[in-house]
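Scroll down for the structure; my scribbles are underneath it.
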Amino acid sequence: MTYVGIIVTFVFVHNFALSRLLGICPFIGVSRDLKTSLGLGFAITFVASLSSLTAWAVYHGVLVPLGLRYLEIVVFILVIAGLVRFLEEVVKRASPGLYAVFGGFLPLVTTNCAVLGIALVAVRSGYTAAESFVAGIAAGAGYFLALVLMATLRDSLRKEWVPKPFRGVPITFISAGLMSLAFMAFDHALLKNLFG
């Protein structure tokens, strides 16, 4: 698959929040306002790209040669947690201002199953290192897009009249379901016709 195909696949067709339903807890919980959604979206995109590349390197450099492929989930969780902790320390020391904006979201990213999901999908799809990195960026961008759209939608819903039984969490889940249906318009057949 081409790089453009990978990007379109993970941003629209297999969006981790709306299609694969990974990372739903922060997706629903953090999307209350746009500023928080932007911060978490950037953090997830950054960590997903680096973790998918790191997971690819660990898988092909350590797990496959040692015949330990069955440990991929446990090892990837440890790799992601270590990477996030390392990034947190680097950002804290290199740019305290950036850490003030970005650092609060890094612990949320450690436990986000969308980050683990992209690492597993990239390895199991047989992507190269560059394709894994692009898939990580695209999956993070898709999650970012879903977060921003949901935050914008929730902001609009606060200004509109919503029947009392649907206020709060029910209308949020209904909105997420409708967004998911809208993203289903992008399917594999359309992608194959557009990008080969």
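What you see is a predicted model; the values in this text were computed from it and never measured.
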TODO: Would you give the length of the straight line joining atom CG of Leu147 to atom CD1 of Ile28, rounded to the nearest 0.5 angstrom?
DONE: 9.5 Å

Open item on the list: Can you give me the closest heavy-atom contact between Ile7 and Ala138, atom names plus distance?
Closed with: CA-CB, 3.6 Å

Task: Qualifying residues under side-chain hydrogen bond (donor to acceptor under 3.5 Å, both in side chains), relative to Thr36, sequence neighbours excluded - done: Asp33

Task: Exercise: identify the closest heavy-atom pair between Ala55 and Ala119 - done: CB-CB, 3.7 Å

Task: Pairwise distance CG(Leu149) to CE(Met179) - rounded to 0.5 angstrom - done: 4.5 Å

- [ ] Flag the pair Asp155 / Leu34 as yes when at least one side-chain heavy-atom distance between them is below 4.5 Å, and no otherwise.
- [x] no

- [ ] Mind checking the CH2-CZ spacing from Trp56 to Phe76? Nearest 0.5 Å is all I need.
- [x] 11.0 Å

Open item on the list: Taking Val13 as the starting point, is it possible to reach Val4 by hopping between hydrophobic residues whose side chains are less than 4.5 Å apart?
Closed with: yes

- [ ] Would you give the length of the straight line joining atom CD1 of Ile137 to atom OG of Ser49, rounded to the nearest 0.5 angstrom?
- [x] 5.0 Å

Open item on the list: Test of understanding: clusters of I, L, V, M, F, W, Y form through side-chain heavy atoms closer than 4.5 Å, transitively. Do Leu157 and Phe166 belong to the same one?
Closed with: yes

Open item on the list: Minimum heavy-atom separation for Ser51 and Ile80, please, with both atom names.
Closed with: CB-CG1, 3.8 Å

Task: Side-chain touch Leu50/Phe86, heavy atoms, less than 4.5 angstrom - done: no

Open item on the list: I'd like to know if Arg85 pairs up with Glu89 as an ion pair, taking the criterion as any Lys NZ or Arg NE/NH1/NH2 lying under 4.0 Å from an Asp or Glu carboxylate oxygen.
Closed with: yes

- [ ] Work out which heavy atom in Pro65 is nearest to a heavy atom in Val62; give both atom names and the distance.
- [x] CD-O, 3.4 Å

Task: Step-by-step side-chain contact (heavy atoms from CB on, under 4.5 Å) determination, Leu40 to Phe144 - done: CA-CA 8 Å; Leu40 182 62; Phe144 177 85; over 6 Å; no

Task: CZ/Arg69: more than 12 non-hydrogen atoms of other groups inside 6.0 Å - done: no

- [ ] Would you mind reporting whether Ile44 and Phe16 have side-chain heavy atoms less than 4.5 Å apart?
- [x] no

Open item on the list: Is there a path of hydrophobic side-chain contacts, each under 4.5 Å between heavy atoms of I/L/V/M/F/W/Y residues, joining Leu68 to Val74?
Closed with: no

- [ ] With the side chain counted from C-beta on, respond yes when Tyr127 and Phe133 share a heavy-atom pair under 4.5 Å apart, and no when they do not.
- [x] no

Open item on the list: Is it the case that the side chain of Ser52 and the backbone of Ser132 share a donor-acceptor pair, with hydrogens and angles ignored and the cut-off at 3.5 Å?
Closed with: yes

Task: Arg154 side chain reached by Ser31 side chain, heavy atoms, under 4.5 Å - done: yes

Open item on the list: Can you tell me how far apart CZ (Phe173) and CG (Leu178) are? Round to the nearest 0.5 Å.
Closed with: 13.5 Å

- [ ] Would you sort out whether Leu87 and Phe46 count as a side-chain contact (heavy atoms from CB on, under 4.5 Å), showing the intermediate values?
- [x] CA-CA 10 Å; Leu87 289 172; Phe46 185 67; 3.7 Å; yes

Open item on the list: Just so I know, are the side chains of Arg167 and Ile171 near enough to count as touching, which here means a heavy-atom distance under 4.5 Å?
Closed with: no

Open item on the list: Are Phe27 and Leu18 packed together at the side-chain level, in the sense that at least one heavy-atom pair is separated by less than 4.5 angstrom?
Closed with: yes

Open item on the list: Quick check: is Ile73 connected to Val58 through a chain of hydrophobic side chains (ILVMFWY, heavy atoms under 4.5 Å apart)?
Closed with: yes

- [ ] Taking all heavy atoms of Met150 and all of Ser175, pick out the closest pair and write down the distance.
- [x] CE-C, 4.1 Å

Open item on the list: Within the structure provided, determine whether Val121 and Arg20 are in side-chain contact (heavy-atom separation under 4.5 Å).
Closed with: yes

- [ ] Is it possible for you to say whether Val47 and Val90 belong to one hydrophobic cluster, with membership spreading through side-chain heavy-atom contacts below 4.5 Å?
- [x] no

Task: Separation of Phe12 CZ from Phe183 CZ (nearest 0.5 Å) - done: 6.5 Å

Task: Nearest heavy-atom neighbours spanning Phe10 and Ala139 - done: CB-N, 3.7 Å

